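A quick write-up on the structure given underneath.
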Number of protein chains: 2
Amino acid sequence: MATRGRNLDAVTMRELAEALGVGTMTLYGYFRSKDELIDATLDRAADEVKLPPPEGPWKAQLRSLVGEVYRVLRKYPVGVQVRTRRPILSTGVLRTTNAAMGIMVEAGLGKREAARAWRVLFIYTFGFVAFTPEPVTDEMTRDWGAQLASLDVGELPWLVDALPEAIEAMTGSEQFYNGLDLILDGVERQLGTSKKR
Amino acid sequence: MATRGRNLDAVTMRELAEALGVGTMTLYGYFRSKDELIDATLDRAADEVKLPPPEGPWKAQLRSLVGEVYRVLRKYPVGVQVRTRRPILSTGVLRTTNAAMGIMVEAGLGKREAARAWRVLFIYTFGFVAFTPEPVTDEMTRDWGAQLASLDVGELPWLVDALPEAIEAMTGSEQFYNGLDLILDGVERQLGTSKKR
DNA sequence: ACCTGAACACCGTTCAAGT
DNA sequence: ACCTGAACACCGTTCAAGT
């Protein structure tokens with residue numbers, strides 16, 4: 001098996017119990033299942049998302065809100081994998097969706113457009129954490145280099161020509177805001193076509 | 001444990017071997033590990049992505065390419081979870097990245113901007129598959145409804161006001177192209193600011 | 001050369017019992 | 001009431017052996 005990494009299996013009931021100095025089954029006195037334990041953790045995490053004050057340009061508010069979600073999700077990456085299996089429908093988590101909807105509707109976007117835009121932002125944020133390895137270890141760099149070296153690059157001229165740029169774009173976790181701004185530009189354009197006020 | 005769903009654990013070496021009518025360990029004669037077996041499957045899948053002919057507007061070409069990636073990934077959703085653990089660096093898969101870079105650089109985008117835009121498109125496509133349950137079963141609908149009904153919605157006015165729109169935006173897998181077009185608008189704006197020709 | 005059952009080191013969780 | 005060891009039904013994979 002590959003490394004457990006940031007996957008759900010990175011947390012095991014046995015290890016957690018040992019770390020707490022109790023028997024494994026003691027955990028089941030407080031949570032009915034591992035899923036329930038993880039849910040409780042994520043609800044705590046959601047409270048760490050600071051909602052922006054409702055003032056200033058909508059774009060700055062939304063950027064700040066999404067940035068907060070990103071920051072907190074990086075701290076609790078287990079939330080990403082849980083979300084791949086089911087939506088997380090707790091008040092703590094939905095507070096964020098609610099705030100985003102408020103910002104966009106107040107800015108003049110229709111409800112449907114706002115809901116769709118939020119979906120894109122949510123997918124980007126969770127997806128960024130899901131698909132950006134962090135930290136990148138020396139072993140990873142070595143593995144990937146070896147794999148790339150063994151490729152027939154003759155068929156990949158555009159990629160070869162922009163290899164440094166491609167590697168930078170795919171691995172840098174500091175690049176979250178680049179993509180976010182690109183998407184916010186797209187949302188702004190939606191605003192132009194569905195203007196309500 | 002929750003359902004295995006479309007996760008990597010949905011495929012077990014024992015079950016696969018049984019389906020093939022061989023002993024479990026026979027598989028290890030052909031692949032060194034489960035990871036290697038999955039990689040071989042994904043490389044086959046990547047060949048199903050039809051690259052668009054290099055003619056017509058760049059936006060239509062890129063839209064068609066990303067749509068193809070989406071279509072194929074829906075067929076092999078196991079690729080999503082594999083990608084959360086490591087990049088997939090095979091010629092088959094990188095053919096797609098190469099084609100996307102070609103379309104964008106030919107359109108006039110700088111290499112760096114093209115690489116960053118591709119990252120957003122990649123994250124959106126993989127993230128969409130990762131975070132959109134498909135199919136939605138009756139049991140899921142019942143569970144989510146029950147969870148939503150038990151919430152204190154007093155704190156979530158914007159969300160409550162747009163609940164049908166939110167549910168539609170979060171569950172409809174046919175909505176992939178809505179978000180894609182929003183992102184392509186953002187890419188177009190990049191083109192305006194970094195125009196090369 | 002090709003195949004494979006038994007066994008190992010793990011999981012989450014049930015059960016039946018301890019205090 | 002609170003806690004928990006043993007056991008069950010699973011994994012991927014190693015090992016040692018079959019043909």
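Lettering of chains follows the sequences in order, A, B, ..., and the numbering in each one begins at 1. Predicted model, so just to flag it, every value in this text is computed and none were measured. FYI, side chains are in, hydrogens and waters are out, and symmetry mates aren't considered; it's all heavy atoms of this structure.
The heavy-atom pair separating Trp144(A) from Pro133(A) by the smallest distance is CH2-CG, 3.6 Å.
With hydrogens and angles left out, the side-chain atoms of Tyr70(B) and Arg74(B) include a donor and acceptor closer than 3.5 Å.
Atom CZ of Arg85(A) is separated from atom P of dG12(C) by 11 Å (rounded to the nearest Å). Atom CD in Glu18(B) sits about 12 Å away from atom P in dC10(D), given to the nearest Å. In this structure, CG of Asp9(A) is placed 13 Å from P of dT13(C), rounded to the nearest angstrom. Rounded to an integer number of Å, the gap from Met13(B) CE to dC11(C) C1' is 18 Å. Counting to the nearest Å, the P atom of dC11(D) and the CG atom of Leu16(B) are 12 Å from each other.
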Requested in this report: Would you sort out whether Phe122(A) and Phe131(B) count as a ring-ring contact (aromatic ring centres under 6.0 Å, His included), showing the intermediate values?
Outcome: CA-CA 9 Å; Phe122(A) 149 74; Phe131(B) 303 118; 5.5 Å; yes
Report task. Dot-bracket for DNA chain D, please, read 5' to 3', with Watson-Crick or G-U wobble pairs under 3.5 Å on both distances, ( ) within the strand, [ ] crossing, | other strand, . unpaired. Result -> ||.|||||...|||||.||
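Taking the charged nitrogens against the carboxylate oxygens, Glu188(B) and Lys59(B) do have a contact shorter than 4.0 Å, which makes a salt bridge.
The environment of CZ in Arg44(A) is sparse: at most 12 heavy-atom neighbours from other residues, nucleotides or ligands sit within 6.0 Å. Summarising the local packing, CD of Glu18(B) is surrounded by 12 or fewer heavy atoms from other residues, nucleotides or ligands at distances under 6.0 Å.
Looking at Val66(A) and Tyr124(A), their side chains never come closer than 4.5 Å, going by heavy atoms from C-beta outward.
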Query - Reading 5' to 3' through nucleotides 2-7 of chain C, protein heavy-atom contacts under 4.0 Å coded B for base, S for sugar-phosphate only, - for none - result: -SBB--
Using residues 45-52 of chain B as the side-chain source, report each donor-acceptor pair under 3.5 Å to any protein atom, sequence neighbours left out, with the distance given to one decimal.
residue: Glu48(B); atom: OE1; partner: Lys75(B); partner atom: NZ; Å: 2.7
residue: Glu48(B); atom: OE2; partner: Tyr76(B); partner atom: OH; Å: 2.4

